[in-house]
Amino acid sequence: MSILAVPLSGCFQELFAAGAGLAPDTDPSSSSSSTSTGDAMPTTSGGSGVQTVTGLSSGTTTTLEPETTGPEANPPPEILSFSASGGEVVEEAGAVQLELAASDDAVQVRLSLNGEPLAELAPSDFPYEYEVLSAKFNFEHLFEAVAIDGEGLESEPASVTLQVNLKPSGAEKCTFDRQDDEAAVSSAITGLVYTKDAIVAVGTRDAGEGTRLAVWKLHRDTCELLPGWPRSVTEWTSLDVVKSGLSTATSLAIDEDDNVYVAGTVLDGLEPRRYLAKMTSPMWEHLGAVGEQITGVAVAPKPQAAVFAVGWRQSGVKATPTDAAIWMYKLDGLALPPDYIAAPFVEGEKPDDQNLRSEKLRAVVFEPITEHAVAVGEREFEGDDNLIYTRTFLVRMHPLVGRVGTPWTSPGEYFSHDSALGLGLCGTQLVTGGWRRDYPPDSKPAPMWRWFSTAGTPQEIRAVPLSSVEFRGVACDRELKIVGAGVLNLGSGDARVVAAPGVEGELLMYEGGVAGPDEMTAVSCDGRGLCAAGGFYTEEGLRYALIQVYHP
């Protein structure tokens, strides 16, 4: 925004006097005549503000113009407006927009918060986003802005006051369950993702034709079911096996164009087969071989776009053992050659000539910094003591060439057994969620997070002190708190959702379960920091889908 500088101008009236009118009266008969002594005698002309001085010595007239005050030669810049979007009170996490307009000569804006420097900005940097991340920001915010021109002159300060009143971390924002909609009856959530305008969830639902893969779409702020949802796989599939067989979804991914990719398992008789579909137009679907299952899916963006699906295949006629599997597709559904991973992974590992040990990939994400997909899971590893251990492993894939490098395997440096069931992005790190336990077969599993660099290098680890719990989903909010969703695994099941700010921060309990068996199997956080967890609860023998959104 600019200021139009309007100069102030004064009209100076020129005084023209006739010679006779300015000359002294020389009529000797005049009674009003006077004799000049040569002294200057000032007179005032008609309120003109101009003094005239006459004198016999020169016979001339001198006009003195008054002093005038014009515009300042180099005025300081001005702040024309300074405000915050959303009013004076903030009650939900997210970005507050500070809006500022200054005169054209401003080249810099110094922004402070409660007297402390906040940012050095250009006027073009506004609107400026100030992020309110959690209840830690519950105090009065006094923002002050000062505009500065190219010569260092400063404007008068302008200020905006905000009062932040956020709910405590883990407080419930909204819930989707059977109390709100019959679409939750005989259902369970197994995966969910935030989009720009909704929560998309997948799982299973029995609407009277048996358990079928289903997709829900909810309002991101109210958890209300959007019109036209949920949708069952029988509404879109053209495959006879999928139409007639029982099925369940295991995961989903959303690409940059908001296309939905759903992965799951279809029973062909009693045998599982992997299923993957792009359920938005133009739609495509793939049904895998008997014994193949998908548990994770991710999409790489354009221009090197690809769909990654991970899981396992049966390496024999029985359900075990298994080989880890990677399936890749172009966005148009063109399938690339599959990649199967079996021990030994690296030189020096004990051979598995009869393929008796199992490997399973559980989760995959696309990592935008290195532009690789990263997948994690668990494998059976034979140690030097000839004992078999369950260990986390990690693989990386490129959209053009597939798997790259050598899979990493946990060395068991902290616990005899560990497994990764979920994977999330957290700033410039990857975080896995799963479980760990000591060697004795009767030792209880306990939840664990492990951090990796974007290149897949292992970093910190945190063992969460909750006995008999495993994390099945993991995500990260805007404050970089890790959120784990899972189950207290004592046979009946009891949902758990916990969060912690990093390796050393205090553990926060978001969800402790309800009466009756319940589980949380997936979690996703949006750009504001709100996190949604999905699963199910049980009442009078029936399962009900459950999605809860928590304040960060």
**Message:** Can you confirm whether more than 12 heavy atoms, excluding those of Q304, are under 6.0 Å from its CD atom?
**Reply:** yes

**OP:** Would you kindly say whether Y537 and E539 are connected by a side-chain donor-acceptor distance under 3.5 Å?
**Re:** no

Check this for me: does any side-chain nitrogen of one of K330 and D332 sit under 4.0 Å from a carboxylate oxygen of the other?
no

query: Is F82 close to L98 at the side-chain level, that is, under 4.5 Å between some pair of heavy atoms?
result: yes

Next on the checklist: Taking L113's backbone N and O only, do any of them form a donor-acceptor pair with E116's side chain (distance below 3.5 Å, no angle check)?
Outcome noted: no

**Report entry** Any donor-acceptor pair under 3.5 Å from T211 side chain to R205 backbone
**Finding:** no

**Prompt:** Under 3.5 Å, is there a donor-acceptor pair between the side chain of T370 and the main chain of A455?
**Reply:** no

Practice problem: Kindly say whether L331 contributes a backbone atom to a donor-acceptor pair with the side chain of W284 at under 3.5 angstrom? | Solution: yes

Worksheet entry | Charged N-O contact under 4.0 Å between K302 and D257 | yes

Checklist entry - Hey, does I148 have a side-chain heavy atom less than 4.5 Å from the side chain of R110? => result yes

Main-chain N/O of A545 paired to S187 side chain as donor or acceptor, under 3.5 Å:
no

- Query: Is any side-chain heavy atom of S251 less than 4.5 Å from a side-chain heavy atom of T190?
  - Reply: no

Quiz item: Is the number of heavy atoms from other residues, nucleotides or ligands within 6.0 Å of CD (E156) greater than 12?
Solution: no

- Evaluate whether atom CD of E88 has more than 12 neighbouring non-hydrogen atoms of other residues, nucleotides or ligands under 6.0 angstrom away. no

Between W435 and M448, the two heavy atoms sitting closest are O-CE, 4.2 Å

Okay, side chain of W216, backbone of A183: is any donor-acceptor separation there less than 3.5 Å? yes

In short, V483 meets C531 closest at the heavy-atom pair CG2-SG, 3.9 Å

Ring center gap for F143 and Y130 short of 6.0 angstrom
yes

Set out, in order, the CA-CA distance, both residues' side-chain angles and the distance that settles side-chain contact (heavy atoms from CB on, under 4.5 Å) for M509 and R496, then state yes or no.
CA-CA 8 Å; M509 182 64 72; R496 290 290 184 272; 4.2 Å; yes

### Message
Other residues, nucleotides and ligands only: do more than 12 of their heavy atoms fall within 6.0 Å of CZ on R396?
### Response
yes

Q: Report yes or no: does D526 contribute a side-chain atom to a donor-acceptor pair with the main-chain N or O of A532 at less than 3.5 Å?
A: no

- May I ask you to test the I254-V260 pair for a side-chain heavy-atom distance under 4.5 Å? yes

Checklist entry - So, the side chain of S468 versus the backbone of K444: is there a donor-acceptor pair under 3.5 Å, distance only? => result no

Output for pair (I547 CD1, I199 CD1), nearest 0.5 Å, gives 6.5 Å

Correct closest heavy-atom pair for A145 and L100 would be CB-CD1, 3.6 Å

Result for side-chain contact (heavy atoms from CB on, under 4.5 Å) between V310 and one of V376, V395, L361 points to L361

- Message: I want to check something: taking the side chain as every heavy atom from C-beta on, are W408 and F452 in contact at a cut-off of under 4.5 Å?
- Response: yes

Looking just at side-chain N and O atoms, do S85 and Q97 make a donor-acceptor pair shorter than 3.5 Å? no

For V132 and V96 the tightest heavy-atom approach is CG2-CG2, 3.9 Å

* Asked: Got a donor-acceptor contact below 3.5 angstrom from the T222 side chain to the C174 backbone?
  -> no

With no hydrogens and no angle check, is any side-chain donor or acceptor of H286 less than 3.5 Å from a backbone partner on G333? yes

**Residue pair Q548 / F176, side-chain heavy-atom distance below 4.5 Å** = no

* Quick one: do E92 and K173 make a salt bridge, cutoff under 4.0 Å? -> yes

Nearest heavy-atom approach of R462 to A500 is NH1-CB, 3.4 Å

- Hey, does T175 have a side-chain heavy atom less than 4.5 Å from the side chain of L546? yes

Open item on the list: Students often mix this up, so state it plainly: with edges at 30° and 60°, are the rings of W449 and F471 parallel, tilted or perpendicular?
Closed with: parallel

Separation between OG (S524) and CG (L192), nearest 0.5 Å, reads 6.0 Å

Note: Y194 and L530 closest approach over all heavy atoms is CE1-O, 3.8 Å

Evaluate the pair C476, C525 and indicate whether the two SG atoms are within a distance below 2.5 Å.
no

